[in-house]
Amino acid sequence: MWWARSHLRAALSLAAVPARGATPEGAARRELSARPAPQEPGMEYQDAVRMLNTLQTNASYLEQVKRERGDPQTQLEAMEVYLARSGLQVEDLDQLNIIHVTGTKGKGSTCAFTEHILRNYGLKTGFFSSPHLVQVRERIRINGQPISPELFTKHFWHLYHQLEKTKDGSCVSMPAYFRFLTLMAFHVFLQEKVDLAVVEVGIGGAYDCTNIIRKPVVCGVSSLGIDHTSLLGDTVEKIAWQKGGIFKHGVPAFTVLQPEGPLAVLRDRAQQISCPLYLCPPLEALEERGRPLTLGLEGEHQRSNAALALQLAHCWLQWRDHQDVRKLKVSRPSVPWPLPLAPVFQPTSHMRHGLRDTEWPGRTQVLRRGPLTWYLDGAHTTSSVQACVRWFRQALQRSERPSRGPEVRVLLFNSTGDRDPAALLKLLQPCQFDYAVFCPNLTEVASTDNADQQNFTVTLDQVLLRCLEHQQHWSCLDEEQAGRDLWRPSSLEPGGPAPLRLAPRGPRPCSSSSLVFSCISHALQWISQGRDPVFQLPSLPRGLLAHPTASNGASVLREATAIHVLVTGSLHLVGGVLKLLEPSLSQ
């Protein structure tokens, strides 16, 4: 069965899986939303964001750039030219006392832990990260808080006019979206006179535009894995080479335990430029001398990020000759490792409280709303999805189970870029979802009213077809599962509760429990069925429940005692969900 593209562009597409090989047909490709015409500079935040969005690379041009990618080193040199045109020199960035962090998984969480630890010492912190979840100003933070709309607007137009004023025929007048925000972050941090800036790499490291930083205080590399293969390479070793590109001569760097191959690459990169590289001991080594450490972010994998953050913060404080660190008793284990081990010390109370109080939305985040529990994690690589599954299953074990009544599990999923959705979905199968829901990273069918959610790097056709592909992958996995014994109770862990299922069931028809929606809002409306006390929107249009799975599922969801919803596969998807579930984030 195939669905015409006109159906996909309607308010909702609830599609049975198309016959294999069949694809929707229809009209010409178009962008997700009309590119706004340049406006005269105003002082409204949304005007600034709309103008910023014109710097996004449109989908067709992005494909051309991938085919004709130039010398990456030249692109980095171009970033230095933009910096100079903006009124800064590379040497000016030395004043920011930067902590530079890269990695495949956990680099954002590591940065969040590090920033909160150092803020606990009374230091004024800057924090640059990506992507944003709800509003673009989240990418630039002062003392842990996104800069205000007024401050964002002021700095945006100042930088925009400066670059316009300095353009000439030999260069492109404006840098691309991420480069512009990187420049803007540097200007904000310098003008706000922060004591330090925690800077998260965008993609890779060696040729990332943040790597114009010349003299960071310390560098960090979180866990490595496969991601952005079209840009960074198709092996972990090639990716490690890119990540190690942020190392600087004489600047200490820390990494967590990695597989042997990529760890050797990092070691060689560090030795080539005389960068002292240390391996972080596990968090348990720092807990031996005191109480166990409590982390504000859930999930066993966050312990690795916290261990790296402690070393980065400790190194920065040591460089600053902070009295709190001077008193610490430090030991360096003599156990043979492929790298020198970072110091073992007892975390100070400031460090403990920093780890405990860290918040980083969209990463192992839980929202409990009446009968609904939302589990939000922007995992989008195989290893991070594995960690997400472990966290989700453990969270289910800890949750209070109602004395009676059915419980339902729902997966809300999307993936983007060059990631392998089939591999990610296969990892999610053990969670035994009752329904799998797929939708693009669009909060509404038309997102033109909210500039923060606009995206010109893909077309509407592309994202909707990808959702149907996700559904097809899920269907194939369902067919494989149908031949297995679904009646056999399998605990989450030895001695744990049986999986939460509506009822034992045998083989199911293809796609009997999967749906495709054209936007996040419609997906959440169907999942919540008006039972989330915060997310209250008008009922779904009658036609959207015409599909049997939608109408039958709606009845089940309305009667369920508990509904557990895992949202994963994309940070942009998680951001769109948070925008709707937590309206305060948009204010």
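Fair warning: this is a prediction, and the values are worked out from it, not measured in the lab. We use all heavy atoms of the structure for the numbers below, so side chains are in, but hydrogens, waters and symmetry mates are not.
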Report task. Return yes if some donor-acceptor pair links the side-chain N/O of S274 with the main-chain N/O of H249 below 3.5 Å, else return no. Result -> no
Query raised in the report: So, does T358 use its side chain to make a donor-acceptor pair with the main chain of G354 at under 3.5 Å?
Result: yes
Query raised in the report: Name the one of T255, L339, L279 that satisfies side chain to side chain contact (heavy atoms under 4.5 Å, CB included) with L266?
Result: T255
**Report entry** Which atom of L396 lies closest to which atom of S399, heavy atoms considered
**Finding:** O-OG, 2.7 Å
Query raised in the report: Quick check: are there more than 12 heavy atoms from other residues, nucleotides or ligands sitting under 6.0 Å from CD of E260?
Result: no
Query - Heavy-atom closest contact (F392 atom, C431 atom, distance) - result: CD2-SG, 3.7 Å
Query raised in the report: Checking K248 side chain against I246 main chain: does a donor-acceptor pair fall under 3.5 Å?
Result: yes
Query raised in the report: Is N441 reaching over with its side chain to a backbone N or O of S570, donor-acceptor style, under 3.5 angstrom?
Result: no
**Report entry** Main-chain N/O of W391 paired with Q394 side-chain donor or acceptor, under 3.5 Å
**Finding:** no
Report task. Verify, without hydrogens or angle tests, whether W360 (side chain) and C111 (backbone) share a donor-acceptor contact under 3.5 angstrom. Result -> no
Query raised in the report: Considering residues, nucleotides and ligands other than E164, do more than 12 of their heavy atoms fall under 6.0 Å from its CD?
Result: yes
Query - Sub-4.5 Å side-chain heavy-atom contact between L310 and L283 - result: yes
Report task. Determine whether F413 and V385 make a side-chain contact, defined as any pair of heavy atoms from C-beta on separated by less than 4.5 Å. Result -> no
Query raised in the report: Quick check: does any side chain N or O of K124 sit under 3.5 Å from a backbone N or O of E192, one acting as donor and the other as acceptor?
Result: yes
Query raised in the report: With a 4.5 Å heavy-atom cut-off, do F156 and V136 have their side chains touching?
Result: no
Query raised in the report: Closest approach of R352 and R291, non-hydrogen atoms and distance?
Result: NH2-O, 2.8 Å
Requested in this report: Determine yes or no for a side-chain-to-main-chain donor-acceptor pair under 3.5 angstrom, with E298 supplying the side chain and Q365 the backbone.
Outcome: no
Query raised in the report: Can you check salt bridge (Lys or Arg N to Asp or Glu O under 4.0 Å) on R139 and E200, steps first, answer last?
Result: CA-CA 10 Å; R139 298 181 183 226; E200 178 190 355; over 6 Å; no
Requested in this report: Please report the shortest heavy-atom distance between L263 and V256, naming the atom on each side.
Outcome: CD1-O, 4.5 Å
Query raised in the report: Just checking, any donor-acceptor pair under 3.5 angstrom between side chains of K105 and S383?
Result: yes
Query raised in the report: Do L277 and Q271 come close enough that some side-chain heavy atom pair is under 4.5 Å?
Result: no
Query raised in the report: With distance as the sole criterion, is a donor-acceptor pair present between the side chains of S86 and H187 under 3.5 Å?
Result: yes
**Report entry** Gap between atom CG of L566 and atom OG1 of T373 - 0.5 Å precision
**Finding:** 12.0 Å
Query raised in the report: Do we see a donor-acceptor contact under 3.5 Å between the side chains of D92 and Q89?
Result: no
Query raised in the report: What closest approach, in Å, do L190 and Q95 show between heavy atoms, and which atom pair accounts for it?
Result: CD2-OE1, 3.9 Å
Query raised in the report: Counting only N and O atoms by type, is there a donor-acceptor contact under 3.5 Å from the side chain of S304 to the main-chain atoms of H301?
Result: no
Query raised in the report: Ring centroid separation for F178 and F128, is it under 6.0 angstrom?
Result: yes
